[in-house]
Amino acid sequence: MAPKFEWWAKGNNNRKGTPVVVKMENPNNWSMVELESPSDEDFLVRSHEKSRHKNARQLTWVLLLKAHRAAGCLTSLGSALIALGTAVRRRIADGRTDSVQKQSTEKKKSKLFYSFLKVFLWLSLILLGFEIAAYFKGWNFGTSKLQLEFIFTKGFFDWVYTRWVLLRVEYLAPPLQFLANGCIVLFLVQSLDRLVLCLGCFWIRFKKIKPVPKPDAVSDLESGHNGCFVPMVLVQIPMCNEKEVYQQSIAAVCNLEWPKSKILIQILDDSDDPITQSLIKEEVHKWQKQGARIVYRHRVNREGYKAGNLKSAMNCSYVKDYEFVAIFDADFQPLPDFLKKTIPHFKDNEELGLVQARWSFVNKEENLLTRLQNINLAFHFEVEQQVNSVFLNFFGFNGTAGVWRIKALEDSGGWLERTTVEDMDIAVRAHLHGWKFIFLNDVECQCELPESYEAYRKQQHRWHSGPMQLFRLCLPAVIKSKISIGKKFNLIFLFFLLRKLILPFYSFTLFCIILPMTMFVPEAELPAWVVCYIPATMSFLNILPAPKSFPFIVPYLLFENTMSVTKFNAMVSGLFQLGSAYEWVVTKKSGRSSEGDLAGLVEKDGKKTKHQRGVSAPETEAEKKAEKTKKKKKKHNRIYMKELSLAFLLLTAATRSLLSAQGIHFYFLLFQGISFLLVGLDLIGEQVE
């Protein structure tokens, strides 16, 4: 009889599976084997092994996807390089040099500067050849202090190179190091000024400081009762051959919210193109028929350029009836409430001469050039203008999007044609006469940025040569004026010397001349913090007012150094009164409409006005002629020889820096040289017509 195992079953109820299998080969010889089902631990181990295999498969798929993306990026990069090479070849074949259509005096000056750069370039190439030959001979000049005792003159080359080393050690390195140290000091002073401005801006934001008009002035404008503060306002739009933007600017000012009996609009046309004249005149007549108080003025002679145009308009007999004048350039589109936000600040503030609004840009994301300009101008308005307004009540008038008290203009001598920066001129003279300025950072006026490098280059030349002209002319008046010593110091040292003269001087001299020279004269050194760390910090501070532009911080740093050539050239022209300092070129506009332009042309009597840019078909003969003329124009690019010369100079210096294993210097020179190359081939921005 088989034994019973109830005791076993009771003691092992927690066991899973079949507990016992009895094998009986014969009744007298039997054995017992326990069989168990898998335990929980077994299930966990198996599931872990399965998940491990599953994770391995997922990791494989992820790696495959990343490899696929990397291959796609490489393919895209290859296509981009091919497209870039094609564009470079096409632009070199079809490009025009920057010497085209220049006057004889300007050609001579430009040729002299270009010749200097060419000589410097050829000299650097010769020195690079010497250094490469010396490098392969086993002479290691990685350190700045050369061990001359290891140089043995065994041949002619050895003798020549030895004399060159002695020449640079004894005669070239000391003055070069002295010049470098001087530029470093200027660089540090300018960086400190930039840091102080940023701290002032942070303080303004922290304390929420902003100009606030008196509440009764705002309520007066809203009520519009007799006897309230609703002064007579004159609006001026100076323009010259700007048929791309005249419609939107005229429409914007005609829709300003101000009593019609209290406002008069002057269209000051200096155009010498008959088609443009007729277009602007017809646009003015359209708005006159709709009841707008607008007049058209045309000068036959463009004497004095913009300053002469404004001066001529202010000589009209009816101007004496107006108290304030608002000025807008042809591409500016003020919002309807612009006057309501600016004029109230003048009430009960008889010392206030100017209220300046901020610019905003309708095409700031059009291309890389406009993005980089937006960074610069955002810092200018957010930091420079706002800080100077709050703490000094003085800043440079931007020439547009501002409201002047006419008495302040007359008291300061009115518009003068002696420089190409008539806006800065009138602001300095008004400051010397005790007038105060206010900048409104929260009141914006939309406009355009130059989209081609050619237009931007000419604009920057005018903006940097004019201040030097003005500095020479107004320095005696500043010294003799009755303003305080602190204001004189701010005006002479900070406003003119540091920000208008020293900045372009050290930018060009330090990073485009001295730095490449130190590669060939290694006894003179530029520390890494001068080449990399401080410029990167300053670029970071500059980009803070435009936080969306952080991805462009490196291109911004390189482009600013690239523009130092144009700014330095302009500064020298203005300081020494060369021919190009008096050149006035109207900045080319593309005529892009803004959202404010499309929606800001307010409805009148339930119907939107049709005077906005982008009309589907020409309505007049003049417009038809303009369309035909526009179709005939062909876009092209320019080749800028100065920038190309500096590009090859910097790339040559970068090659030399490889021999001495200077990492930061090499990368800076390499990328800066590439930046000059792209600008020299006009591969940044749009092509020009």
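Computed from heavy atoms alone, side chains included, the values below leave out hydrogens, waters and symmetry copies. Not measured: the values here are computed from a predicted model.
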Stepwise, does the side-chain contact (heavy atoms from CB on, under 4.5 Å) test hold for Leu188 with Ile184?
CA-CA 6 Å; Leu188 293 176; Ile184 290 174; 4.2 Å; yes

Can you tell me how the ring of [X] sits relative to the ring of [Y], calling it parallel under 30°, perpendicular over 60° and tilted otherwise?
X	Y	value
Phe437	Phe394	tilted
Trp415	Phe397	tilted
Tyr318	Tyr322	perpendicular
Phe493	Phe489	parallel

Measure across [X] and [Y] and return the closest heavy-atom pair with its distance rounded to 0.1 Å.
X	Y	result
Asp331	Glu448	OD2-N, 3.2 Å
Thr342	Val443	CG2-CG1, 4.4 Å
Leu352	Arg405	O-NE, 2.9 Å
Gly200	Phe391	O-CE1, 4.0 Å
Gly414	Ile426	O-CD1, 3.5 Å
Ala252	Gln333	CB-CA, 3.8 Å

Donor-acceptor pair, side chain of [X] and main chain of [Y], under 3.5 angstrom:
X	Y	result
Gln386	Phe381	no
Asn309	Leu268	yes
Thr370	Lys364	yes

Salt-bridge criterion met for [X] and [Y] (N-O under 4.0 Å):
X	Y	result
Asp337	Lys341	yes
Arg302	Asp272	no
Glu382	Arg205	yes

Out of Thr420, Asp423, Asp329, which one pairs with Lys306 under the side chain to side chain donor-acceptor pair (under 3.5 Å) rule?
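Testing Lys306 for a side chain to side chain donor-acceptor pair (under 3.5 Å) against Thr420, Asp423, Asp329 leaves exactly one candidate, Asp329.
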
Using a 3.5 Å cut-off and no angle test, enumerate the donor-acceptor pairs between side-chain atoms of residues 504-512 and protein atoms at least two apart in sequence or in another chain.
unit_1 : atom_1 : unit_2 : atom_2 : d
Tyr506 : OH     : Gln190 : OE1    : 2.9
Ser507 : OG     : Leu503 : O      : 2.7
Thr509 : OG1    : Phe505 : O      : 2.7

Please examine the side chains of [Y] and [X], heavy atoms only from C-beta on, and report whether any two atoms are closer than 4.5 Å.
X	Y	value
Arg457	Tyr640	yes
Tyr246	Thr276	no
Asn393	Glu351	no
Phe559	Ile684	yes
Val421	Gln469	no
Asn374	Ser549	yes
Phe496	Met424	yes
Lys500	Leu470	no

So with a 6.0 Å cut-off around NZ of Lys567, is the heavy-atom count from everything else above 12?
yes

Atom NZ of residue position Lys488 - does it have more than 12 heavy atoms of other residues, nucleotides or ligands inside 6.0 Å?
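Yes, the 6.0 Å shell around NZ holds more than 12 heavy atoms from other groups.
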
With side-chain contact (heavy atoms from CB on, under 4.5 Å) as the test, would you mind laying out the steps for Phe495 and His431 before giving the verdict?
CA-CA 12 Å; Phe495 186 76; His431 180 58; over 6 Å; no

Near-ring test Phe552/Tyr556, centroid separation under 6.0 angstrom:
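No: the rings miss the under 6.0 Å criterion.
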
